[in-house]
Each structure stands twice: as C-alpha cells, then as structure tokens.
Amino acid sequence: MILALLRRPDPDHLEVQHEGSSFRVALRRRPTARRITLRVSAATGEVVITLPSRTAVNTAQRFAATHSAWIAARLARLPARVGFEPEARVPLRGVPHRVRLRDTRSGAVRIEHDGEEAAISVACDPAHVARRIRDFLVREARRDLLEAVERYAERLGERPARITLRDTRSRWGSCTARGELNFSWRLILAPPVVLDYLVAHEMAHLREMNHSPRFWALLHDLCPAVDTAEAWLKRSGAGLHRYG
C-alpha cells in the first residue's frame with residue numbers, strides 16, 4: 001500500500017517504435033487483471049495495454065516494445081479511414097454514396113442520383129462539409145430508428161421512456177432498467193435489416209430485461225432476420241467506425 005502511494009502517477013500512454021514508425025499505446029490499469037494484455041481496437045485503431053495494479057510502467061514499456069511488430073501488423077490490417085469529405089464514398093443504409101460538394105453557398109444536404117451512382121450532395125463552405133454530412137447522417141438515423149421503434153411498440157404494447165443517439169464504440173444499442181433506449185447513429189450506414197434488428201433487440205428488452213430463452217423467443221418472433229443481421233454485424237460492423 002505504501003509503495004502504491006509513493007509510485008509516480010502513470011502516464012496516459014506509451015510510445016513504441018517499429019521500423020521507423022512510432023505507435024501510441026494507451027495505458028490502463030485494472031485491479032482484476034492478472035497479467036499484461038495488449039489489444040488493438042478494430043473499431044478505432046486504438047492500441048491499449050492493460051496492467052495489473054502492481055506491474056511497473058517500465059515492465060509495460062518493455063512488453064509493448066517486444067510486441068511492436070505485432071502492433072504494426074495489426075494496425076496495417078485495419079481498413080483505411082474514410083473522412084466525410086468531397087469525393088469520399090460513404091455507405092447510407094448499406095448503399096455506397098459519393099460525397100459531392102455542389103456549391104460553397106449554404107444549402108440543404110440531399111440525396112442525388114447521377115446514373116447508377118448515388119450521392120450525398122452538400123452545399124456549404126468546404127471547411128464545414130464533415131460536420132454537415134455527420135449531422136445529416138444523425139438525422140437520418142434518428143428518423144429510421146423512431147420509425148422502427150414505433151412499429152415494434154405497436155406490436156409489443158411497450159414504449160421506451162427515451163431514445164438517445166450516440167457514437168458508441170462497444171455497443172450498437174442498449175436498454176436501461178428505466179426503459180431508456182440508446183443506439184449508435186452509425187447504424188444508418190448499415191443495411192436496413194441491421195438497424196431494424198437492433199431496434200427489435202432493444203425493444204424486446206422492455207419486456208424481458210435479460211438474454212433468457214424467453215427473450216430470444218420473443219426477439220425471433222419480432223424479427224425473423226436475427227441471424228442475418230448478427231452475421232452482418234460480426235463480419236462488417238467494426239468497419240462502420242472507420243467513417244468520419
């Protein structure tokens with residue numbers, strides 16, 4: 001206990017070098033951890049090293065350094081990030097759309113079609129394109145989510161106390177004990193069956209706040225596409241975080 005009090009505060013991250021490249025490794029301590037672990041988030045590309053309470057920081061530094069090649073390899077396999085900028089291709093309801101800056105004067109964001117290619121067309125100062133595209137996607141996500149919630153509310157006879165959209169990393173949706181539903185706005189990037197499934201999943205929790213056989217029976221009755229949607233999320237869900 002005395003040693004813990006005398007120990008210098010941990011840095012928030014470590015720096016690791018590999019073949020001329022430098023990697024930032026976030027440092028975390030977990031009292032329940034029994035060994036050092038290292039992971040690379042498929043969603044964000046963040047590298048995190050987790051330590052038991054008594055492990056020294058220099059031990060963590062050596063551990064990370066010896067795994068620098070592994071870190072580099074994992075990061076290299078991650079899909080490239082796609083910014084919300086002109087000419088970028090961004091999925092909307094599972095369909096690729098090209099971001100098009102049609103004018104530098106302020107105007108509405110709208111969907112356009114040029115032959116077979118769909119576009120998210122924005123009119124604004126180029127510096128504001130990313131914000132305008134994100135705001136548009138959040139609005140579209142809210143609209144689709146509210147429509148799906150309403151459909152399932154009529155079938156279940158249950159309504160959420162509140163619906164919140166966030167940019168969550170670890171969960172696509174959640175339901176609190178107070179009946180509040182939370183969803184990731186990035187579901188608007190996925191095929192509609194995925195958003196519909198997530199709404200059905202969280203709405204089912206309003207009646208069954210668990211993952212018991214009764215919950216799964218209810219969910220499959222509400223949404224026959226459970227397996228299809230879960231398979232898509234497992235295969236492609238992490239890739240939704242590379243946009244924006």
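Quantities reported herein were computed from a predicted structural model and do not represent experimental measurements. These values consider heavy atoms only, across backbone and side chains, with no hydrogens, waters or symmetry-generated copies.
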Could you tell me if the side chain of [Y] sits less than 4.5 Å from the side chain of [X], heavy atoms only?
X      : Y      : value
Pro126 : Leu101 : yes
Leu14  : Phe23  : no
Glu150 : Glu147 : no
Phe84  : Leu137 : yes
Ser41  : Val48  : no
Arg169 : Glu46  : no
Leu198 : Leu233 : yes

Is the number of heavy atoms from other residues, nucleotides or ligands within 6.0 Å of [atom1] ([X]) greater than 12?
X      : atom1 : answer
Arg235 : CZ    : yes
Arg207 : CZ    : yes
Asp103 : CG    : yes
Arg30  : CZ    : no
Arg166 : CZ    : no
Arg214 : CZ    : no

query = Among the clusters formed by ILVMFWY side chains lying less than 4.5 Å apart, do Val95 and Leu240 turn up in the same one?
reply = no
Q. When hydrophobic residues are tied together by side-chain contacts of less than 4.5 Å, even through go-betweens, does Val199 share a cluster with Leu146?
A. yes
Self-check item: Parallel, tilted or perpendicular: rings of Trp216 and His201 (30°, 60°)
Solution: perpendicular
His211 and His205 aromatic ring geometry - parallel, tilted or perpendicular at 30°/60° bounds: perpendicular
Closest approach of [X] to [Y] (non-hydrogen atoms, all atoms of both residues):
X      : Y      : answer
Arg132 : Ala123 : NH1-O, 3.2 Å
Trp185 : Arg134 : NE1-NH2, 3.2 Å
Ile36  : Pro52  : N-CD, 4.1 Å
Cys175 : Glu202 : N-OE1, 3.3 Å

| Leu27 and His13: side chain to side chain contact (heavy atoms under 4.5 Å, CB included), yes or no, with the steps? | CA-CA 5 Å; Leu27 184 67; His13 73 281; 5.7 Å; no
Hey, are Arg28 and Thr50 close enough side-chain-wise for a donor-acceptor pair under 3.5 Å?
no
Are Asn182 and Thr168 close enough, and set up right, to give a side chain to side chain contact (heavy atoms under 4.5 Å, CB included), and what steps lead you there? CA-CA 9 Å; Asn182 304 299; Thr168 52; over 6 Å; no
Any carboxylate oxygen within less than 4.0 angstrom of a Lys/Arg side-chain nitrogen, looking at [X] and [Y]?
X      : Y      : result
Arg98  : Asp114 : no
Arg151 : Asp196 : yes
Asp135 : Arg139 : no

Notebook entry, point to check: Would Val90 and Ile133 satisfy side chain to side chain contact (heavy atoms under 4.5 Å, CB included), going step by step from the backbone distance to the final call?
Noted result: CA-CA 10 Å; Val90 176; Ile133 293 295; 5.6 Å; no
task: May I have the step-by-step check of side chain to side chain contact (heavy atoms under 4.5 Å, CB included) for Leu195 and Tyr197, ending in yes or no?
output: CA-CA 5 Å; Leu195 181 146; Tyr197 158 69; over 6 Å; no
Exercise for review: Could you walk me through whether Glu117 and Arg89 pass salt bridge (charged side-chain N to carboxylate O under 4.0 Å, His left out), step by step?
Suggested key: CA-CA 10 Å; Glu117 183 176 59; Arg89 290 173 66 83; 3.1 Å; yes
